[in-house]
2 protein chains.
Amino acid sequence: MTIESGDTAQDGSAASAAVTERSAETREAILTAAERLFAERGMSPVSNRQIGAAAGQANNSAVGYHFGSRTELVVAILRRHAAPIERRRAAMLAGLDTTSQLHDWIRCLVQPLTDHLADLGHPSWYARFLAQADIEPALRRVMVDNAAASPTMGQVVDGLCQLLPALPEHVHAERGAMSRQLIVHTCAERERALHEGGPTAHPTWQATATGLVDAIVGLWLTPVTPA
Amino acid sequence: MTIESGDTAQDGSAASAAVTERSAETREAILTAAERLFAERGMSPVSNRQIGAAAGQANNSAVGYHFGSRTELVVAILRRHAAPIERRRAAMLAGLDTTSQLHDWIRCLVQPLTDHLADLGHPSWYARFLAQADIEPALRRVMVDNAAASPTMGQVVDGLCQLLPALPEHVHAERGAMSRQLIVHTCAERERALHEGGPTAHPTWQATATGLVDAIVGLWLTPVTPA
DNA sequence: CCTTGAATAAGACACCCGACTTAGCTGGTC
DNA sequence: GACCAGCTAAGTCGGGTGTCTTATTCAAGG
């Protein structure tokens, strides 16, 4: 039998604390292993067996037992990072006021992720994982749904709309998509360079965020060539 | 025995025109099938057997016969599109002069691809294929090597360097990478939307190019926040 | 002490894959 | 006409994978 999605099984009263704790530990181990393997090799070529083995599980179907489907596994990885990122964004939003510039608002878009990546230390895999999930045709929908579910993200978008020049609806949508792509793939590229020991454009995640904010500000403020 | 990479086998004098032509036809069929399957499902989950079957080949190892390795298959797909794109870029470069603006040079970066995609008609898969190859860890190197081998690309970069404000070396590299990411993934996103019948930011590839050029110009002209 | 149920271990089964081998077909060469 | 080389068809084989089934461990409760 598989566990119902979402939380660990503690329905009724039968589940003991020790058991659920052990389960939670292996869940974490599986999530960590899966995130690493996905980032390194991509999603599809990594089998559930390999993930389980990398997580120290001898059971063939350990992954299937704790997470029903592949999609739920990905969602669980996203959720594990979403919480701290949301917390950072909420804190940054609280520091804004009516005198804040466009830079400050866009920084709320970028820095929660880069700070989180910096906090993860070296090596990290989350940025590359995000890039993989962003491309995988079957997972894009999960990505955007997960992003849309973020309450702080909505606040940032609202704030941006008031500061930005009036733009046609389709240009607004286009540049939003571009901003997302820049953030995800630039972070992934830097993380990859860090992992391989190659050269990086910026010495720190903080500097990377600054470069990204500059670029995205320019992207939004550039004039629209009429069709 | 496998064919040596590159062209079809016509060493010595034994190869007849009819045979090589038949071989070229199945090569084309395999390339077309592979490009479509890769774009739809990603690289790794698609097996050589499936590609061969989709190309109408009954042989298990048809792909392995015509293309030695997986990488060479990808390179062959890239090369098939590279030629017409190069041709377009060369023609655009010939139309530039000393009065050309930054917009015009950056258009030489974007429009050869978008025009090519428009020329492919509907449905096309090349943009999504590029995005997949850009992410696949094992294929990134092939991508950049292939791009660096383009002579017209070098001319564009040279032209841009003269028009752009003086930028620190690392910022220059960063924004170049961002430009590439924007082009590839924005085109992939539009192609995906076209394929799924969803809404698109722009009605045509031409308009998409204009939006991309605007964004990339803004990206390059935005001031650099000092560290 | 024995049972209960969750979590894991260990294995069985059918399936698909890549690599390899063999055979058949076709069109040119001598 | 015999021959040959390139291309394709068809099949074999070992290995990895997902799913399912059974056995084992372990803590809590009667």
Side-chain angles (χ1 to χ4, degrees), chain A residues 1-31 33-34 37-38 41-74 138, chain B residues 1-31 33-34 37-38 41-74 138:
Chain A
M1 185 196 302
T2 58
I3 280 184
E4 80 281 9
S5 69
D7 283 335
T8 49
Q10 49 184 6
D11 53 342
S13 59
S16 67
V19 169
T20 58
E21 184 185 354
R22 183 160 70 126
S23 174
E25 283 174 10
T26 59
R27 272 178 67 98
E28 287 296 304
I30 289 175
L31 288 178
L37 291 173
F38 285 163
R41 305 186 215 163
M43 304 262 152
S44 318
V46 177
S47 68
N48 284 351
R49 285 172 114 105
Q50 292 171 338
I51 296 172
Q57 298 296 307
N59 192 342
N60 281 342
S61 40
V63 174
Y65 177 79
H66 287 278
F67 309 88
S69 72
R70 194 79 165 206
T71 303
E72 295 179 61
L73 174 59
V74 172
Chain B
M1 185 196 301
T2 57
I3 280 184
E4 79 281 9
S5 68
D7 283 335
T8 49
Q10 49 183 5
D11 54 342
S13 60
S16 68
V19 170
T20 57
E21 183 185 354
R22 183 160 67 127
S23 174
E25 283 174 9
T26 59
R27 273 179 66 98
E28 287 297 304
I30 289 175
L31 288 178
L37 291 174
F38 286 162
R41 306 186 214 163
M43 304 262 152
S44 316
V46 178
S47 67
N48 284 352
R49 285 170 115 105
Q50 292 171 337
I51 296 172
Q57 297 296 306
N59 192 341
N60 281 342
S61 40
V63 173
Y65 177 80
H66 287 278
F67 308 89
S69 72
R70 194 81 165 207
T71 302
E72 294 179 60
L73 174 59
V74 172

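Quick note on labels: first sequence line is chain A, next is B, and so on, each numbered from 1.
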Checklist entry - Near DNA chain C, which residues from residues 43-59 of chain A have a heavy atom under 4.0 Å away? => result A:Gln57, A:Ala58, A:Asn59
Item to check | Residue list, side chain to side chain donor-acceptor pair (under 3.5 Å) with B:Thr71, at least two apart or on another chain | outcome: none
Checklist entry - Do A:Asn60 and C:dG11 share a donor-acceptor pair, side chain to base, under 3.5 Å? => result yes
Next on the checklist: Rounded to whole Å, how long is the line connecting atom CZ of B:Phe67 with atom P of C:dA19?
Outcome noted: 15 Å
Next on the checklist: Taking only side-chain N and O atoms of A:Tyr65, does any of them lie within less than 4.0 angstrom of OP1 or OP2 on C:dT8?
Outcome noted: no
Next on the checklist: Below the 4.0 Å mark, does C:dT8 have OP1 or OP2 next to a side-chain nitrogen or oxygen of A:Thr26?
Outcome noted: yes
Checklist outcome for this item: CD (B:Gln50) and CZ (B:Arg41) are apart, to the nearest 0.5 Å, by 5.0 Å
Checklist entry - For A:Ser69, which residues count as a side chain to side chain donor-acceptor pair (under 3.5 Å) partner, sequence neighbours excluded? => result none
Checklist entry - Listed by chain and number, what are the side chain to side chain donor-acceptor pair (under 3.5 Å) partners of B:Glu28, not counting sequence neighbours? => result B:Arg80
Checklist entry - Are any of B:Ser23's side-chain N or O atoms less than 4.0 Å away from OP1 or OP2 of D:dC7? => result yes
Checklist outcome for this item: A:Arg41 CZ to D:dG16 P, in whole Å, measures 13 Å
Next on the checklist: If the condition is side-chain contact (heavy atoms from CB on, under 4.5 Å), which residues does A:Ala54 pass it with, not counting sequence neighbours?
Outcome noted: A:Ala33, A:Arg36, A:Leu37
Checklist outcome for this item: Taken in chain and number order and not counting sequence neighbours, the residues that satisfy side-chain contact (heavy atoms from CB on, under 4.5 Å) with A:Asn48 are A:Ile51, A:Val63, A:Arg70
